[in-house]
K.L.:
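Got a structure for you, written out below as structure tokens; questions coming shortly.
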2 protein chains.
Amino acid sequence: MAASATREKIVTAADRLFYERGFEYTSFADVAAVVGISRGNFYYHFRTKDEILVAVIERRIKDRHAMLEGWVAQGKSPRECLASFISILTVNAAKIRAYGCPVGTLFSELSKLNHPQEAGARALFDLFRHWLRQRFEDMGHGAEADALAMQLLARSQGAASLANAYPDDAFLAREVDQMMAWLDTVADPATIPS
Amino acid sequence: MAASATREKIVTAADRLFYERGFEYTSFADVAAVVGISRGNFYYHFRTKDEILVAVIERRIKDRHAMLEGWVAQGKSPRECLASFISILTVNAAKIRAYGCPVGTLFSELSKLNHPQEAGARALFDLFRHWLRQRFEDMGHGAEADALAMQLLARSQGAASLANAYPDDAFLAREVDQMMAWLDTVADPATIPS
DNA sequence: TTGCAATTAGGACGCGCGTCCTATAATCTG
DNA sequence: CAGATTATAGGACGCGCGTCCTAATTGCAA
């Protein structure tokens, strides 16, 4: 098999396992077993565990970037974009209840480990932060756009954390509704005619 | 030295290390080194790592319970109690920026590990949740008291997560201000005369 | 088809972990 | 002071980890 294809399969499996079990608790052998290759072959593609982590973070950044920019490319308004962002909590509700937020839990773990790739995990946060800020700017919130982005980010992180602790159907839905209502209050009618 | 005193020192050290480095990443030897005892002695007091975890969770529950009920015993009003809760983020700002929330990060880690003591960590959340709910009930929010408690809990979790990712002085302060303002809007003037 | 590079397999290594054991030292009891 | 209990020390164990190596197999190019 082509090297790149095997690499992709490894990254896909590691991405899932790092999310479900955490980085430190996922071993080389675990990933290799899921992919169905030997550890020796694994070593041919990734020489250290950190290399896999870097690849997984890159993958996540690429995926999320495509998702976010896809909404913009579809012609969604800033407000619709923000609503789509909030809806992530609804779309991925089952996984979030089971494993938390892929961004937040990864950062939290790497932060505790004082891992060099903490910066990579922060870059994932940055991706969302900057994209959100841009939407708020496009809505006319020049000065406070970044603060609004942080506020929304914090709120989704909190909702994901509590949903993980209390896997209860109603809670996440309620938080989403409240965030949507909050979005109404910050939407500037002057720049959003509809 | 009396057995109970050594035990307490071990729990204190483990509590700190579990917070700063995480449970899985803290070894027996790490804790023993901090306390200044041998691993053999350690084993005399705690036979498994899980036993220490149980003791640490018990300690945290006891501490937090004393803090929360202390505010009530001091004669604080429900609203003042809630404000004190929010102020935890300010009082512990430095640690939160460095290590996140001790409750949330512990739960997140144990959840990923599928650790039996995930339930213990959830009990820590429950302590806050039920205490907060009681304050909201005392403020006259009978039906929606639990939802308000969850909302406030989620918001502090989110603020702690983002403060950890972006150790920036201003952000946490802003979130605290907003939570305090939110507290004003839910405070029922009918039952809170002042 | 032959030969070289790319890919895979699987075992070896050293280390740190949680756990367990036994011998010694300290403390308490009568 | 003698003896029993409590507390401490430190080493031994088996295991799984990340890492590394070498040999076999596959696939492509001349």
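Letters go in sequence order (proteins before strands), and every chain restarts at 1.
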K.L.:
Could you give the CZ-to-P distance, from A:Arg7 to C:dT7, as a whole number of Å?
P.N.:
12 Å

K.L.:
Given the rule that I, L, V, M, F, W and Y join up when any side-chain heavy atoms are under 4.5 Å apart, are B:Phe128 and B:Val186 in one cluster?
P.N.:
yes

K.L.:
Given atom CD1 of B:Ile37 and atom C1' of D:dT6, what is their separation to the nearest angstrom?
P.N.:
15 Å

K.L.:
Look at the aromatic rings of B:Phe85 and B:Trp131 and report parallel, tilted or perpendicular, splitting at 30° and 60°.
P.N.:
tilted

K.L.:
At under 4.0 Å, does any side-chain N or O of B:Thr6 touch on OP1 or OP2 of D:dT8?
P.N.:
yes

K.L.:
Going by ring pair (Phe, Tyr, Trp, His ring centres under 6.0 Å), name the residues that satisfy it together with B:Tyr25, two or more places apart in sequence or in a different chain.
P.N.:
none

K.L.:
Between A:Phe28 (CZ) and C:dG14 (C1'), how many Å, whole number?
P.N.:
16 Å

K.L.:
Between A:Lys95 and A:Glu20, does any NZ, NE, NH1 or NH2 come within less than 4.0 Å of an OD or OE carboxylate oxygen?
P.N.:
no

K.L.:
Grab the CD-P distance between B:Glu51 and C:dT19 for me, whole Å please.
P.N.:
9 Å

K.L.:
For A:Lys49 and C:dC15, what is the distance between atoms NZ and P respectively, to the nearest whole Å?
P.N.:
20 Å

K.L.:
Using a strict cut-off of less than 4.0 Å between a Lys/Arg side-chain nitrogen and an Asp/Glu carboxylate oxygen, indicate whether A:Arg79 and A:Asp184 qualify as a salt bridge.
P.N.:
yes

K.L.:
Atom OG1 of B:Thr105 and atom CZ of B:Phe23: how far apart are they, to the nearest 0.5 Å?
P.N.:
13.5 Å

K.L.:
C:dT19 P sits how many Å from B:Phe46 CZ, rounded?
P.N.:
13 Å

K.L.:
A:Arg47 CZ to C:dT8 C1': how many Å, rounded?
P.N.:
14 Å

K.L.:
Could you pick out which residue, A:Tyr25 or B:Gly36, lies toward the 5' side of DNA chain D when each is mapped onto its nearest nucleotide?
P.N.:
B:Gly36

K.L.:
Any side-chain N or O of B:Tyr44 less than 4.0 Å from the OP1 or OP2 oxygen of D:dT8?
P.N.:
no

K.L.:
Under the salt bridge (Lys or Arg N to Asp or Glu O under 4.0 Å) test, which residues partner B:Glu118, sequence neighbours left out?
P.N.:
B:Arg122

K.L.:
Would you tabulate the pairs of protein nitrogen or oxygen atoms and nucleotide nitrogen or oxygen atoms of nucleotides 10-12 of chain C closer than 3.5 angstrom?
P.N.:
| from | atom 1 | to | atom 2 | distance (Å) |
| --- | --- | --- | --- | --- |
| C:dG10 | N7 | A:Gly40 | N | 3.2 |

K.L.:
Please state how far atom CD1 in B:Ile10 lies from atom P in D:dA7, giving the value in whole angstrom units.
P.N.:
12 Å

K.L.:
Does D:dC17 have OP1 or OP2 under 4.0 Å away from a side-chain N or O of A:Ser27?
P.N.:
yes

